[in-house]
Structure formats: structure tokens, C-alpha cells
Amino acid sequence: MQLKLVVEYEGTAYQGWQLQPGDRTVQAVLERALATALREPVRVRGAGRTDAGVHACGQVAAVRVSQPPADLDRLRRSLNALVPDDVAVRDLTIVDDAFDPRRHATSRVYEYRIWTAPAPSPFWRRWTWHHPQPLDVNAMAAAAPALVGEHDCLAFCAADAEPRRSTVRRVLVSEVCQDGPILLYRVEANAFLKHRVRNLVGTLVEVGRGERPPEALATLLAGRDRTRAGATAPPQGLVLVAVRY
């Protein structure tokens with residue numbers, strides 16, 4: 001049988017989600033806590049592999065166990081006592097043994113925040129990219145919807161990404177809005193390529209600076225050339241908000 005976990009974490013101190021020898025990762029922290037609480041070795045599988053410094057408030061994971069826990073609420077409390085303060089198990093349920101948190105997901109939602117005030121914010125520094133120069137939010141908002149639909153997203157994929165059979169993805173939502181000094185980019189898609197959201201944000205910021213027209217995103221998608229897109233935005237502004245099934 002399997003347990004399904006909804007996990008929240010602040011990614012500042014971690015080298016991403018996935019296990020890496022010698023590095024501190026969220027997956028490793030969860031596996032140690034689960035092995036201690038369940039008294040058996042486990043392997044956790046996540047819906048998405050967030051990069052170093054990226055956060056999540058809706059990561060979904062699954063783990064196979066030899067027998068059902070007697071009290072799920074008690075197990076959740078035990079896990080939250082065992083993990084560091086920057087990781088939390090928000091929900092814990094029993095699911096079918098066939099459940100695959102990555103393959104069965106229909107979409108994932110990410111948000112990226114930019115702090116646009118002239119002065120930096122100590123409060124928001126771990127959760128935003130500070131961009132003190134003015135940005136044309138209207139131009140960015142006009143550019144973002146070009147991503148909606150099914151497109152080959154190679155132009156926004158990391159240059160060192162693993163070769164894949166297809167770089168075509170279906171984007172359901174791509175929008176920019178501003179709330180006070182925080183500029184928010186929200187994107188929902190069936191799947192994501194490595195660094196795709198951060199590369200998109202870097203390109204949108206160039207639109208906001210007036211360095212590219214809003215129509216540039218459609219041109220970049222058609223060109224499929226990563227070298228022509230914007231720089232990769234820093235990781236701390238990015239949050240995996242939800243995984244939908």
C-alpha cells in the first residue's frame with residue numbers, strides 16, 4: 001500500500017527536492033523521518049523535482065509501506081516533529097498502490113514573485129527576486145498569454161537538461177499581475193521542463209524593461225532556440241503551489 005503526502009517546504013537550505021549524494025535535499029529529509037516513524041526503510045517519490053532554493057506549498061509525494069499506519073493523524077504529527085522547521089507534512093492519506101504522483105498528475109501550478117520596490121525587503125528576501133528598476137507590468141501581462149496552449153517549449157528549457165523524447169507541453173494558465181510591490185507570475189501546465197518557469201520569468205522581465213516587445217515570447221516559442229531567450233531568474237522567487245489530479 002502507499003501513503004500520499006502533501007508537503008510544504010522553504011527551499012533556501014536545500015539542494016532541491018531530489019536525492020543527491022552528500023547534499024541536503026527535501027527528499028532525503030522526508031525519507032529519514034518516515035524511516036524513523038515507520039521503522040522500515042522507504043523511498044519517497046515526488047510529483048516534481050524542484051531546484052535548489054525553490055520552495056513548495058503543495059508538493060505531492062508517495063511512499064510504499066508494508067502495513068497501514070494505525071493512526072494517520074498521529075503519524076503526521078510524528079513526521080512533523082522529526083523533520084526540520086523548514087519542512088512540513090500538511091496532509092497524509094492512504095492511496096491505491098498504483099498511484100504515481102508524477103505520472104498521474106494532470107497539471108502543476110507554479111508562482112514566481114518579484115519584489116519591485118527600490119529598496120530590498122528583509123522580510124521577503126527569501127521568497128522574491130528583488131528587481132529595483134521599474135517594470136512595465138502591462139507589457140508583461142500582455143506577453144504572458146502567448147504561452148497558453150500546446151507549444152514546443154525548447155526555447156525556455158535549461159541548456160543542460162536531460163534529453164527528452166518531447167519538449168511539447170500544454171499550458172493552461174500564464175498570467176502576470178501586481179499587488180503592491182510584489183509582481184506575480186502564475187503558470188499552470190501539464191508538465192514542466194527544467195528551469196522553464198525561471199527562464200520564462202527572465203524573458204518576461206526583459207519585456208518589462210522595454211528590451212523586448214510583448215510579441216517576443218511567441219517568436220521565441222516558434223524559434224525553439226534557448227540562446228535567444230532571457231536569462232534564468234534566481235530560484236528564491238519560485239514556489240510549487242499545487243499539483244492537480
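For the numbers below, each heavy atom of this structure counts, side chains included, while hydrogens, waters and symmetry mates do not. As the structure is a computational prediction, the values presented were derived from the model and not from experiment.
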Margin query: Can you tell me if Asp225 has over 12 outside heavy atoms packed within less than 6.0 Å of its CG?
Written below: yes

Next item on the list: Nearest 0.5 Å please: distance from the CG atom of Leu30 over to the CZ atom of Arg32.
Entry: 9.5 Å

Checklist line | Test item: Leu184 and Asp179 side chains (from C-beta on) under 4.5 Å apart, heavy atoms | finding: no

Check: Could you give all pairs that pass the ring-ring contact (aromatic ring centres under 6.0 Å, His included) test and reach residues 11-55, with sequence neighbours left out?
Finding: His55-Trp127

Next item on the list: Take Val87 and Gln59, measure what side-chain contact (heavy atoms from CB on, under 4.5 Å) needs, and give me the verdict at the end.
Entry: CA-CA 11 Å; Val87 176; Gln59 173 73 280; over 6 Å; no

Item checked: Close side-chain approach of Val29 to Tyr9, heavy-atom, < 4.5 Å -> no

Check: Taking only residues two or more places apart in sequence or in another chain, which ones pass ring pair (Phe, Tyr, Trp, His ring centres under 6.0 Å) with His131?
Finding: Trp129

Check: Do the side chains of Leu92 and Leu38 join up, straight or via other hydrophobic residues, at under 4.5 Å, putting them in one cluster?
Finding: yes

Check: Got a donor-acceptor contact below 3.5 angstrom from the Arg64 side chain to the Asp97 backbone?
Finding: yes

Check: Hey, what do you get for CG (Leu220) to SG (Cys153), rounding to the nearest 0.5 Å?
Finding: 11.5 Å

Notebook entry, point to check: Can Val6 be reached from Val109 by stepping across I, L, V, M, F, W or Y side chains whose heavy atoms are under 4.5 Å apart?
Noted result: no

Checklist line | side-chain hydrogen bond (donor to acceptor under 3.5 Å, both in side chains) pairs, two or more places apart, involving residues 234-245 | finding: Glu188-Arg244

Notebook entry, point to check: With a 4.5 Å heavy-atom cut-off, do Arg49 and Thr25 have their side chains touching?
Noted result: no

Check: Can any side-chain N or O of Glu31 pair as donor or acceptor with the backbone N or O of Val44 at less than 3.5 Å?
Finding: yes

Margin query: I'd like to know if the side chain of Glu10 pairs up with that of Thr12 as donor and acceptor (distance under 3.5 Å, no hydrogens or angles considered).
Written below: yes

Next item on the list: Supply the atom-to-atom distance Asp152 CG to Leu193 CG, rounded to the nearest 0.5 angstrom.
Entry: 8.5 Å

Next item on the list: Would you indicate whether the side-chain heavy atoms of Ile114 and Tyr185 approach each other to under 4.5 Å?
Entry: no

Next item on the list: Verify, without hydrogens or angle tests, whether Gln2 (side chain) and Phe99 (backbone) share a donor-acceptor contact under 3.5 angstrom.
Entry: yes

Margin query: Closer than 3.5 angstrom, by distance alone: can the side chain of Asn80 be matched with the main-chain N or O of Ala88 as a donor-acceptor pair?
Written below: no

Next item on the list: May I ask you to decide if Val137's main-chain N or O and Gln178's side chain share a donor-acceptor pair within less than 3.5 Å?
Entry: no

Check: Can a donor-acceptor pair be found between the side chains of Ser107 and Asn190 at a distance below 3.5 Å?
Finding: no

Notebook entry, point to check: Can you check whether Pro181's main-chain N or O pairs, donor with acceptor, with Thr116's side chain at less than 3.5 Å?
Noted result: yes

Checklist line | Gap separating the CG atom of Leu72 from the NZ atom of Lys4, nearest 0.5 angstrom | finding: 13.0 Å

Margin query: According to salt bridge (charged side-chain N to carboxylate O under 4.0 Å, His left out), does anything in residues 130-149 pair up with another residue at least two apart or in another chain? List the pairs.
Written below: none

Next item on the list: Measure the CD-CG distance between Glu175 and Leu147 for me, rounded to the nearest 0.5 Å.
Entry: 12.0 Å

Note to self: Please report the interatomic distance OG(Ser66) to CZ(Arg39), rounded to the nearest 0.5 Å.
What the structure shows: 12.5 Å

Notebook entry, point to check: Would you say Thr128's side chain and Arg113's backbone share a donor-acceptor pair under 3.5 angstrom?
Noted result: no

Next item on the list: Find out if a path of hydrophobic residues (ILVMFWY) with successive side-chain heavy-atom gaps under 4.5 Å connects Leu217 to Val187.
Entry: yes

Note to self: I need the single residue from Asn199, Leu183, Val176 that forms a side chain to side chain contact (heavy atoms under 4.5 Å, CB included) with Leu204. Which is it?
What the structure shows: Val176

Margin query: For a 4.5 angstrom cut-off between non-hydrogen side-chain atoms, does Arg102 reach Arg108?
Written below: yes

Check: Do the non-hydrogen side-chain atoms of Pro101 and Val243 ever get within less than 4.5 Å of each other?
Finding: no

Note to self: Side-chain heavy atoms nearer than 4.5 Å, only ILVMFWY residues, links allowed to pass through others: does that put Val241 and Val171 together?
What the structure shows: no

Notebook entry, point to check: Within a strict 4.5 Å, meaning less than it, do heavy atoms of the Asp51 and Pro235 side chains meet?
Noted result: no

Note to self: So Val65 and Leu34, do their side chains get closer than 4.5 Å, heavy atoms only?
What the structure shows: no

Item checked: Ser174 to Val148 - nearest heavy-atom pair and separation -> N-CG2, 3.8 Å

Check: Among pairs that include at least one residue of residues 203-218, which meet salt bridge (charged side-chain N to carboxylate O under 4.0 Å, His left out), considering only residues two or more places apart or in two chains?
Finding: Glu206-Arg212, Arg209-Glu211

Next item on the list: Count the heavy atoms of every other residue, nucleotide or ligand shown that sit under 6.0 Å from CZ of Arg24, and state whether that count exceeds 12.
Entry: yes

Note to self: Checking Leu75 against Leu3 for the side-chain contact (heavy atoms from CB on, under 4.5 Å) test, could you report, in this order, the C-alpha distance in whole Å, the side-chain angles of both residues, the deciding distance, and whether it holds?
What the structure shows: CA-CA 11 Å; Leu75 175 58; Leu3 299 176; 3.8 Å; yes

Item checked: Contacts of type ring pair (Phe, Tyr, Trp, His ring centres under 6.0 Å), residue Tyr110, not counting sequence neighbours -> Phe192

Notebook entry, point to check: Closest approach of Ala233 and Arg198, non-hydrogen atoms and distance?
Noted result: O-NE, 2.7 Å

Notebook entry, point to check: Transitively linked via ILVMFWY side-chain contacts under 4.5 Å: Phe156 with Leu238?
Noted result: yes

